[in-house]
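Inspection log for the structure reproduced underneath, given as structure tokens.
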Amino acid sequence: MEIEIATIGGYEEVGRQMTAVRAGDDVVVFDMGLNLSQVLIHDNVETEQMHSLDLIDMGAIPDDRVMSDLEGDVKAIVPTHGHLDHIGAISKLAHRYDAPIVATPFTIELVRQQIEGENKFNVNNDLVKMSAGETMSIGERVELEFVNVTHSIIDAINPVLHTPEGAIVYGLDKRMDHTPVIGDPIDMKRFREIGREGEGVLAYIEDCTNAGRKGRTPSEAVARRHLRDVMTSIEDYDGGIVATTFSSHIARVTSLVEFAKDIGRQPVLLGRSMEKYSGTAERLGFVDFPDDVGMYGHRKSVDRTFKRIMNEGKENFLPIVTGHQGEPRAMLTRMGRGETPFELDDGDKVIFSARVIPEPTNEGQRYQSEKLLKMQGARIYDDIHVSGHLREEGHYTMLQALQPKHVVPAHQNLKGFSPYVDLAENQGYALGRDLHVTRNGNMIQLVD
């Protein structure tokens with residue numbers, strides 16, 4: 001069976017992931033993501049109002065025109081998890097393919113919301129739920145399997161395409177967490193089985209984000225302990241405490257809510273994306289927040305809540321807000337600019353339970369946000385976080401588990417690929433032979 005991989009997006013940047021695998025006449029597309037930084041550098045861009053060709057020209061979504069070079073029919077579109085760099089282009093591109101979108105329940109619900117907010121295209125692809133551990137037939141000779149992984153969002157999987165020539169493992173994005181705060185640990189047992197079944201693993205497509213960092217990525221349980229320690233240390237502070245984290249990071253939001261209660265403060269979730277992700281997670285039964293936890297996304301509702309906090313006393317509340325990357329329209333950035341009824345006083349605490357995404361747009365916006373907060377007297381608690389991506393030792397473990405015949409680095413630019421190339425070469429792979437560093441829009445022929 002002919003096997004080839006089209007590397008469409010995410011091979012020259014972190015963002016707008018999209019990869020297609022053709023096995024015979026059957027094609028499966030993994031991810032259709034947005035490069036958010038390409039949107040943020042423009043003022044007041046609303047992607048739902050824009051045409052796909054304009055977004056392609058901006059470098060915001062994958063240029064999928066290379067798909068016309070694949071001689072087969074798309075049988076499934078498979079996003080691995082609900083982050084925008086993996087699902088943010090589905091509402092712009094999926095309607096071009098007569099294929100269902102197959103994902104885990106939480107991811108499918110986020111995709112559905114994305115499609116409902118689309119104003120340019122009618123996306124009528126079937127939405128099919130499939131959980132980790134389940135399989136689906138793709139054509140007559142290919143099978144799709146979901147393997148549970150742990151990441152900084154719940155309900156994440158690595159999809160595996162089983163072909164007569166061996167398995168194709170799409171390894172974006174994960175960390176090796178054996179003690180997650182929500183959900184099951186990464187299923188390393190199944191990865192080891194896949195590496196030794198039948199023809200083994202023909203190709204492994206891997207996220208290289210942290211490949212240059214030594215050691216292993218800590219568990220979310222470590223971030224939870226760090227967060228508890230910080231919040232307990234300021235329990236007696238009688239002024240304002242504000243926290244921010246990735247709104248899609250449901251495990252972290254859950255910990256913030258719990259520890260707010262522990263130190264005698266009422267948690268409130270503020271911001272559109274905070275309301276969206278936490279509300280969806282609760283509605284689907286992934287979390288059960290206390291009844292008195294408010295979630296407010298609309299700006300008027302948020303400002304009313306800020307007024308109530310100021311009237312009833314900042315010392316009684318913990319606002320958990322959007323804006324950890326300094327996004328211009330997010331809640332924390334507005335607070336720093338003095339555009340909300342919440343008044344920061346000298347000595348008030350701001351907890352960043354997130355790292356800056358290492359990209360110039362984010363770094364500049366985060367610097368500006370922190371500067372504005374400090375000018376109002378805020379004290380910053382930074383980097384209370386663990387990454388959602390594998391470090392060096394995790395990559396070694398995955399290569400040993402899967403023993404792939406071919407390796408394709410992804411989720412980075414060429415500079416970002418280099419640590420992973422060194423790591424893979426240490427394991428016996430060679431550039432140009434079985435280690436394939438590529439660019440957006442290229443084809444890799446694995447089996448003729």
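Values reported hereafter were calculated over all heavy atoms of this structure, with side chains retained and with hydrogens, waters and symmetry mates removed.
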List, one per line, each side-chain donor-acceptor pair under 3.5 Å for residues 46-60, sequence neighbours excluded.
from : atom 1 : to  : atom 2 : distance (Å)
H51  : ND1    : L53 : N      : 3.1
S52  : OG     : R96 : NH2    : 2.9

Does [X] come within less than 4.0 Å of [Y], counting only side-chain N to carboxylate O?
{"X": "R334", "Y": "E327", "result": "no"}
{"X": "E363", "Y": "R366", "result": "no"}
{"X": "E199", "Y": "K405", "result": "no"}

Please, which pairs that meet salt bridge (Lys or Arg N to Asp or Glu O under 4.0 Å) have at least one residue in residues 11-39, sequence neighbours excluded?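 Qualifying pairs: E2-R22, E4-R22, E12-R439, E13-R16, D26-K75.
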Please enumerate all residues that pass side chain to side chain donor-acceptor pair (under 3.5 Å) together with S247, with sequence neighbours excluded.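 Counting only residues at least two positions away or on another chain, S247 forms a side chain to side chain donor-acceptor pair (under 3.5 Å) with S273.
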Counting only heavy atoms not in D288, do more than 12 sit closer than 6.0 Å to its CG atom? no
So, using side chain to side chain contact (heavy atoms under 4.5 Å, CB included) as the criterion, who are the partners of T209 when residues are at least two apart?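 T209 satisfies side chain to side chain contact (heavy atoms under 4.5 Å, CB included) with D207, H389, H411, Q412 once adjacent residues are dropped.
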For R299, all residues meeting salt bridge (charged side-chain N to carboxylate O under 4.0 Å, His left out), sequence neighbours excluded: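 If we apply the salt bridge (charged side-chain N to carboxylate O under 4.0 Å, His left out) test to R299, skipping adjacent residues, there are no hits.
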Residue pairs involving residues 105-119 (criterion side chain to side chain donor-acceptor pair (under 3.5 Å); sequence neighbours excluded): S91-E118, K92-E118, T104-T107, E109-R112, E109-Q113, E109-R283, R112-E116, Q113-T280
Exam field: side chain T80 to backbone N158, donor-acceptor pair closer than 3.5 Å: no
Applying side-chain contact (heavy atoms from CB on, under 4.5 Å) between L227 and each of M231, R225, R224, report the one that passes.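 The single option meeting the side-chain contact (heavy atoms from CB on, under 4.5 Å) with L227 is M231.
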Using the six-membered ring wherever Trp is involved, compare the ring planes of Y420 and H395 and label them parallel, tilted or perpendicular (cut-offs 30° and 60°). perpendicular
